[in-house]
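Contents: one structure, followed by commentary.
Throughout, a chain's letter reflects where its sequence line sits, starting with A, and its residues are numbered from 1.
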Amino acid sequence: MHTTSITIPTPCNFNFWRTVYSHGWCALPPFKIDKDAQAFERILELSDRLLVRCVMKATGKGITVQCHSQKPLNATHKQEIHSQLRACLRLTEDMASFYAEASRLRKFQWVPRMGAGRMLRSPTVFEDVVKMICTTNCSWALTEIMVGNLTTKLGRKFESGAYSFPTPQALAETTEKFFRKEIRSGYRSPYLLELGERVASGKLDMELWRSSTLPTDELFKQVRAVKGMGDYAAGNIMKLLGRYDYLGLDSWVRGKFYELHKNGRKVTDKTIEKYYAPYGKWQGLFFWLEMTKDWYDHKFPF
DNA sequence: GCGTCCAGGTCTACC
DNA sequence: GGTAGACCTGGACGC
């Protein structure tokens, strides 16, 4: 086993743990939090199929990454690790205009102060979409089961015992029966199989979505057209594409809104949407940050 | 241990 | 455009 250390520089407004804990993705493999070591891990698969276990820690210089691999890393490998992790931690995004807007609003002045607002994402849009489908219409426990099964049964095993996230090809080469029996994805199974097939065959290139210049509503339509992606799932995928015009309501955030703004009284989705509409293109991000503000009281919120 | 009920989004058919 | 019912699983609950 070879170990290589690389450093990813970070801007002064970047907060490593606030980004890691921005939502539930940090608890789903191939991501892993090691609370004892105060480290955040990820198994990456590079373009030459090399698996690398990356152990990230925040330091004064930025993020130090210990990269464990079966063979020595060359410059291309290092560049690819750098690029994938920067994409995951949203270091590719300029937060200046969002922070300027947050600073103008008294109730959100804590956001730039805390370095909040960067939402963790996967190295690929494909992984984000698969995981998002696995969050629909089920408990978080079932999401963990489905994603865990996807990695252990269709991903590749690293020496540490951890697994990579499966490729679109790996999904495409299975059957609906396999998804139902082994992944426990139930009625979502044909959606996941179709997604794998479309991406593997090149009929759908969702990786382009991150750099798309399409108007937000057009991009939303494309995301929404993927089977299994309804308003909740597509709205949240949009946030991971850097577009925050949609709220992506689910039962947990609805309940949190009722609790924070209506003394627990239920209101319609339209009422929630009307409440955040004045925040314009940032409404989805302000909404999510408000719903999760209490997470910021703890270094390890969950 | 077994059976029943419920929560959780999306899709499809229908009005 | 809105709505009802089906989809499937794990967990809670009662027996």
Between the protein and nucleotides 3-5 of chain C, are there any N/O to N/O pairs under 3.5 Å, and if so, what are the atom names and distances?
none

Of all pairs that satisfy salt bridge (charged side-chain N to carboxylate O under 4.0 Å, His left out), the ones with a partner from residues 292-301 of chain A, not counting sequence neighbours: A:Lys256-A:Asp294

Selection residues 260-284 of chain A - residue pairs positive for salt bridge (charged side-chain N to carboxylate O under 4.0 Å, His left out), sequence neighbours left out: A:Arg254-A:Asp269

Distance, rounded to the nearest Å, where [X] contributes [atom1] and [N] contributes [atom2]:
X        : N      : atom1 : atom2 : value
A:Glu176 : C:dC8  : CD    : C1'   : 12 Å
A:Lys181 : C:dC8  : NZ    : P     : 13 Å
A:Glu144 : C:dG11 : CD    : P     : 10 Å

Side chains of A:Thr268 and A:Thr271, donor plus acceptor under 3.5 Å: yes

Summary of protein contacts for nucleotides 4-10 of chain B, nucleotide by nucleotide, where a base hit scores B, a sugar-phosphate-only hit scores S (4.0 Å, heavy atoms): ----BBS

A:Ser185 side-chain N/O to A:Arg188 backbone N/O, donor-acceptor pair under 3.5 Å: no

Main-chain N/O of A:Leu89 paired to A:Thr19 side chain as donor or acceptor, under 3.5 Å: no

Nonpolar side-chain network containing A:Leu51, other nodes, edges under 4.5 Å: A:Met1, A:Ile43, A:Phe158

Set of salt bridge (charged side-chain N to carboxylate O under 4.0 Å, His left out) partners for A:Arg180, sequence neighbours left out: A:Glu176

Can you pull out every ring pair (Phe, Tyr, Trp, His ring centres under 6.0 Å) where at least one residue sits in [range]? Sequence neighbours excluded, please.
range                       : result
residues 72-107 of chain A  : A:Phe98-A:Trp282, A:Phe98-A:Phe286
residues 110-143 of chain A : A:Trp110-A:Tyr296
residues 29-70 of chain A   : A:Phe31-A:Phe40

Residue pairs passing the side chain to side chain donor-acceptor pair (under 3.5 Å) test where at least one lies in residues 223-241 of chain A, sequence neighbours excluded: A:Thr135-A:Tyr232, A:Arg224-A:Asp231, A:Asn236-A:Lys239

DNA chain B-proximal residues of residues 147-155 of chain A, any heavy atom under 4.0 Å: none

Short N-O contact, A:Lys107 and A:Glu290, less than 4.0 angstrom: yes

Within the 6.0 Å centroid threshold, strictly below: A:Trp288 and A:Tyr244: no

Bend angle of the helix from B:dG1-C:dC15 to B:dC15-C:dG1, end axes from five pairs each (to 10°): 30°

